[in-house]
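To find a chain, count down the sequence lines: A is the first, B the second, and so on, and within it residues start at 1.
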Number of protein chains: 2
Amino acid sequence: MHGGVHIISNVQPLRHATVDGIAARRCAAGLLASVPAVMRFIRQEMRAHRQAQLSVPQFRALVFVSLSDEPSLSAMAEHLGLSLPAASRLVDLLVKRGLMGRRVDVADRRRVSLSLTARGRATCRRARRATQAALARRFERLSAQDLALVSRALGILGHAFAAGGGRAETVE
Amino acid sequence: MHGGVHIISNVQPLRHATVDGIAARRCAAGLLASVPAVMRFIRQEMRAHRQAQLSVPQFRALVFVSLSDEPSLSAMAEHLGLSLPAASRLVDLLVKRGLMGRRVDVADRRRVSLSLTARGRATCRRARRATQAALARRFERLSAQDLALVSRALGILGHAFAAGGGRAETVE
DNA sequence: TATTGTTATACTCTATAACTATA
DNA sequence: TATAGTTATAGAGTATAACAATA
């Protein structure tokens with residue numbers, strides 16, 4: 001919208017068509033076409049693995065807590081892009097399943113501190129391994145070049161879309 | 001697991017560690033880290049836009065029907081990776097909202113033919129435009145090089161994860 | 001009064017099981 | 001009997017609104 005100013009004329013002229021604008025729109029279309037399909041694959045893998053049996057939000061919650069130091073519920077909600085009630089319900093389930101601990105913060109009794117149980121850590125690790133293995137199997141058809149390209153692109157994407165537009169959590 | 005055979009020794013040795021295996025695992029980890037965040041962004045954008053107000057599955061259903069020729073419910077379910085009941089419910093909603101048409105196939109009365117209403121086509125188009133614009137805004141911070149790289153990677157990803165591992169639908 | 005959570009309510013997504021209708 | 005869908009049921013994800021507790 002405000003990056004470059006060169007108009008390309010051998011491409012369909014779009015509103016506000018600039019070099020960057022066109023490339024950005026192409027990326028946006030690609031994302032819309034491919035991300036839901038990948039997500040569906042991830043979800044099905046997560047749910048399929050017998051021992052772990054996690055939904056994607058559950059898994060993400062476990063990962064976040066495992067990488068943080070006794071985070072509050074709000075911190076988790078913000079990181080995952082969830083409303084506070086949604087986060088609260090999510091934690092309910094994980095606590096009920098014995099994967100997460102929740103206790104009132106002694107310093108500020110409004111806050112809640114989240115932590116993983118030993119079982120939570122193990123489950124998280126198993127789910128990650130199984131899902132990564134399934135994803136990796138799909139990737140093994142690709143050439144080394146394509147893999148390198150995808151790997152770099154994912155880093156860029158993760159950075160651009162991390163909660164708040166800031167840092168990307170790196171899983172493993 | 002069965003691609004290359006060279007063992008790399010200056011990288012942490014993983015089980016079955018091959019050139020391809022390691023790169024594939026790196027991609028898998030990247031996907032797990034970035035795709036859910038991107039998905040969340042897409043979902044929030046889809047739901048935020050006043051006129052359209054579609055969930056991601058609803059949008060995907062509209063896109064699929066718009067690109068197919070009076071597809072059956074089963075075809076849609078398979079393409080979207082949904083169970084038949086889930087697809088049926090999804091269509092219920094879209095029909096009730098006046099976005100999709102559903103009629104019994106005269107040739108085989110067990111089948112159902114799906115189509116978009118004029119309003120469905122318009123809604124689909126609006127939702128796509130609004131969401132792509134929001135995504136593109138995120139992308140405009142990136143350099144032209146990064147955009148090109150991401151664009152190519154998304155093509156590869158879409159292909160690798162299209163339903164059945166086959167073709168990827170291209171949205172616009 | 002502002003912040004942190006939880007509860008209440010309502011919808012959507014999704015699966016499995018049981019069923020209906022058609023071929 | 002096999003195929004295409006629907007209905008029944010259940011649980012998870014998610015939001016907004018209303019509430020409670022603490023600072």
Side-chain angles (χ1 to χ4, degrees), chain A residues 36-37 39-50 52-62 70-97 99-114 127, chain B residues 36-37 39-50 52-62 70-97 99-114 127:
Chain A
M39 191 64 189
R40 205 167 282 278
F41 181 89
I42 291 175
R43 176 162 47 234
Q44 282 168 355
E45 283 301 322
M46 282 272 173
R47 304 209 93 118
H49 289 294
R50 295 296 157 241
Q53 269 284 97
L54 292 173
S55 71
V56 173
Q58 285 165 4
F59 172 71
R60 296 236 300 151
L62 294 181
E70 303 246 316
S72 69
L73 187 65
S74 293
M76 185 184 111
E78 190 189 347
H79 181 87
L80 299 184
L82 292 174
S83 65
L84 217 38
S88 187
R89 301 293 292 284
L90 187 50
V91 170
D92 281 349
L93 282 176
L94 293 170
V95 169
K96 188 156 43 175
R97 285 180 60 180
L99 304 177
M100 194 177 278
R102 167 172 51 184
R103 48 173 257 279
V104 172
D105 185 327
V106 283
D108 180 345
R109 294 172 46 74
R110 292 171 304 182
R111 302 176 88 256
V112 153
S113 287
L114 303 174
Chain B
M39 191 63 189
R40 203 166 285 276
F41 181 89
I42 292 176
R43 175 163 49 234
Q44 283 167 355
E45 282 301 321
M46 282 273 174
R47 305 209 94 119
H49 289 293
R50 295 297 157 241
Q53 270 284 98
L54 293 172
S55 72
V56 173
Q58 285 166 4
F59 172 71
R60 297 235 302 152
L62 293 181
E70 303 247 315
S72 69
L73 187 66
S74 294
M76 186 185 109
E78 189 188 348
H79 180 86
L80 299 184
L82 292 173
S83 64
L84 218 36
S88 188
R89 301 298 290 283
L90 187 51
V91 169
D92 280 349
L93 282 176
L94 293 170
V95 168
K96 188 157 41 176
R97 286 181 58 180
L99 305 177
M100 194 177 277
R102 165 171 54 183
R103 46 174 259 279
V104 172
D105 186 326
V106 284
D108 181 343
R109 295 174 43 75
R110 292 172 304 183
R111 302 177 89 257
V112 153
S113 287
L114 302 174

Selection from D/dA23, C/dT14, D/dA12 that lies nearest to any side-chain heavy atom of B/L82: C/dT14

A/Q44 CD to A/H49 NE2 distance, which is reported to the nearest 0.5 Å: 11.5 Å

Phosphate contact (C/dT3 OP1 or OP2) by A/S74 side-chain N/O below 4.0 Å: no

Phosphate contact (D/dT22 OP1 or OP2) by A/R109 side-chain N/O below 4.0 Å: yes

Which nucleotide in D/dT14, C/dT14, D/dG5 has an atom nearest any side-chain atom of B/S72: D/dG5

Touch class at under 4.0 angstrom, heavy-atom based, for A/D92 against every strand present: nothing

Integer-rounded Å distance: C/dA15 P and A/R47 CZ: 9 Å

Distance in angstrom units between A/R103 CZ and D/dA21 C1', rounded: 18 Å

Any B/R102 side-chain N or O less than 4.0 Å from OP1/OP2 of D/dT6: yes

A/S55 side chain near D/dA12 phosphate (N/O to OP1/OP2, under 4.0 Å): no

Earlier contact from the 5' end, DNA chain C, for B/R110 and B/K96: B/K96

Given DNA chain C, 5'-ward residue of the pair B/L90 and A/R111, judged by closest heavy atom: A/R111

4.5 Å side-chain heavy-atom contact, A/D92 and A/R102: yes

Whole angstrom value for the distance that separates C1' of C/dC11 from CD of B/Q53: 12 Å

A/Q58 side-chain N/O to D/dG13 phosphate OP1/OP2 under 4.0 Å: yes

B/E78 CD - D/dA4 P separation (whole Å): 11 Å

Length of the CE-C1' vector between B/M46 and D/dG13, whole Å: 18 Å

5′-ward residue of the pair A/D108/B/R43 relative to DNA chain D: B/R43

B/L84 side chain, from C-beta outward: closest of D/dA12, D/dT6, C/dA21: D/dT6

Sugar-phosphate, base or nothing in reach of B/L73, heavy atoms under 4.0 Å: sugar-phosphate

A/R40 side-chain N/O to C/dT14 phosphate OP1/OP2 under 4.0 Å: yes

Rounded distance in Å - CG (B/L80) to P (D/dG5): 14 Å

Atom pair CE (A/M100) and CG (A/L94), whose distance is rounded to the nearest 0.5 Å: 5.0 Å

Closest to side chain of A/P85, choosing from C/dT7, C/dT12, D/dT22: C/dT7

Distance in angstrom units between A/L99 CG and D/dA12 P, rounded: 12 Å

Residue-phosphate contact under 4.0 Å: A/R89 side-chain N/O, C/dG5 OP1/OP2: no

Candidate nucleotides C/dA15, C/dT6, C/dT12, ranked by approach to the side chain of A/Q44 - the nearest: C/dA15

B/L62 CG to C/dT12 P, straight-line distance once rounded to whole Å: 14 Å

Contact check, side chains of B/R97 and B/L54, non-hydrogen atoms, under 4.5 Å: yes

Sugar-phosphate only, base, or nothing, as touched by A/S83 at under 4.0 Å among non-hydrogen atoms: base

B/R109, CZ: over 12 other non-hydrogen atoms inside 6.0 angstrom: no

Sole residue of A/V112, A/L84, A/V91 in side-chain contact (heavy atoms from CB on, under 4.5 Å) with A/M76: A/V91

